[in-house]
Participant: 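Got a structure here, written out as structure tokens. Questions coming.
Worth knowing before you read on, the calculation uses all heavy atoms, side chains too, and leaves out hydrogens, waters and symmetry mates.
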Amino acid sequence: MLSIQEHATTEEASSDLLDFILQPSNWLAVIRRETDPAAWPGQNTLYQRRVGALRICASVDVSDGLEVSLHIAFRAPGLTPVKAADHLESFLKQRLPLTPNSEWQVEVDERRWIHFSRRYAASHLTA
């Protein structure tokens, strides 16, 4: 089992992880989730970082319809969606600062990961 890279601050983890996931060669096709679950961010430590007890998982996902989404999730003991939103702001502040009225979808899964996602590319990709 591979270990998750640890960082001292959320900003440091952000710099490292965003550098990795924003490269188009590291974008993930949603259809690949069914064919190769080990490559998906929740199972692949390349897409994860740790800051103390906080775990961060991030990816850029490409749907079957070529819609591109940025997906960032956090998990920690006692983490609430409001506190996770603070972590999201800190995580994105250096490269993709949050702006007023930016819309993010928020979801809490059965494993207590708090997921944030939003469209990354303005329009559909064309092949």
Side-chain angles (χ1 to χ4, degrees):
M1 185 168 139
L2 297 174
S3 64
I4 299 170
Q5 292 183 34
E6 291 201 39
H7 296 280
T9 66
T10 305
E11 292 81 7
E12 187 181 298
S14 167
S15 178
D16 184 43
L17 188 52
L18 286 175
D19 282 347
F20 175 75
I21 69 161
L22 294 178
Q23 294 176 20
S25 61
N26 295 321
W27 292 9
L28 298 171
V30 173
I31 196 164
R32 190 171 174 195
R33 181 183 300 197
E34 291 90 38
T35 60
D36 188 8
W40 206 248
Q43 303 297 321
N44 187 338
T45 59
L46 292 173
Y47 293 87
Q48 298 180 38
R49 299 296 182 271
R50 181 182 294 254
V51 178
L54 178 68
R55 287 185 55 190
I56 304 164
C57 181
S59 64
V60 176
D61 306 333
V62 182
S63 74
D64 295 341
L66 298 180
E67 294 174 348
V68 182
S69 300
L70 177 62
H71 183 98
I72 302 169
F74 300 94
R75 181 178 171 188
L79 187 64
T80 65
V82 172
K83 185 63 178 164
D86 291 340
H87 288 306
L88 178 68
E89 182 177 17
S90 176
F91 185 79
L92 293 174
K93 123 172 107 173
Q94 292 176 334
R95 182 163 281 156
L96 303 165
L98 294 179
T99 57
N101 299 321
S102 61
E103 294 183 20
W104 288 81
Q105 293 181 349
V106 182
E107 178 184 334
V108 180
D109 71 15
E110 67 278 354
R111 295 181 60 211
R112 310 262 320 139
W113 279 93
I114 300 172
H115 301 265
F116 296 89
S117 59
R118 66 170 285 191
R119 179 178 282 159
Y120 180 63
S123 59
H124 294 4
L125 294 175
T126 53

Participant: How long is the span from the CZ atom in R49 to the CZ atom in R55, to the nearest 0.5 Å?
Facilitator: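 So the CZ of R49 and the CZ of R55 are separated by 12.0 Å.
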Participant: Between L17 and H7, is the side chain to side chain contact (heavy atoms under 4.5 Å, CB included) condition met? List the steps.
Facilitator: CA-CA 11 Å; L17 188 52; H7 296 280; over 6 Å; no
Participant: Checking the side chain of Q23 only, and the main-chain atoms of D19 only, is there a donor and an acceptor separated by less than 3.5 Å?
Facilitator: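 Present.
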Participant: If I compare all heavy atoms of F116 with all of A85, which pair ends up nearest, and what's the gap?
Facilitator: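 In this case the closest contact between F116 and A85 is CZ-N, 3.6 Å.
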Participant: Which heavy atom of L22 sits nearest a heavy atom of W27, and at what distance?
Facilitator: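 Scanning both residues completely, I find the closest heavy atoms to be O-NE1, 3.5 Å.
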Participant: Does the pair F91 and L18 meet the rule for a side chain to side chain contact (heavy atoms under 4.5 Å, CB included), with working shown?
Facilitator: CA-CA 9 Å; F91 185 79; L18 286 175; 3.9 Å; yes
Participant: Please report the C-alpha distance between V60 and N26 in whole Å, then the side-chain angles of each, then the deciding distance to 0.1 Å, and finally whether the side chain to side chain contact (heavy atoms under 4.5 Å, CB included) criterion is met.
Facilitator: CA-CA 8 Å; V60 176; N26 295 321; over 6 Å; no
Participant: Counting heavy atoms not belonging to R112, are there more than 12 under 6.0 Å from its CZ?
Facilitator: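 At most 12 heavy atoms, drawn from other residues, nucleotides or ligands, come within 6.0 Å of this atom.
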Participant: So with a 6.0 Å cut-off around CD of E12, is the heavy-atom count from everything else above 12?
Facilitator: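 Yes, the 6.0 Å shell around CD holds more than 12 heavy atoms from other groups.
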Participant: Given the rule in the side chain to side chain contact (heavy atoms under 4.5 Å, CB included) test, do V62 and Y120 qualify, once you have shown the distances and angles that lead to the verdict?
Facilitator: CA-CA 10 Å; V62 182; Y120 180 63; over 6 Å; no
Participant: Okay, side chain of S63, backbone of G65: is any donor-acceptor separation there less than 3.5 Å?
Facilitator: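 Checked: pair present.
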Participant: Show which side-chain atoms of residues 71-81 pair as donor or acceptor with protein atoms under 3.5 Å away, not counting sequence neighbours.
Facilitator:
{"residue": "H71", "atom": "NE2", "partner": "H115", "partner atom": "ND1", "Å": "2.8"}
{"residue": "R75", "atom": "NE", "partner": "R111", "partner atom": "O", "Å": "3.4"}
{"residue": "T80", "atom": "OG1", "partner": "K83", "partner atom": "N", "Å": "3.2"}

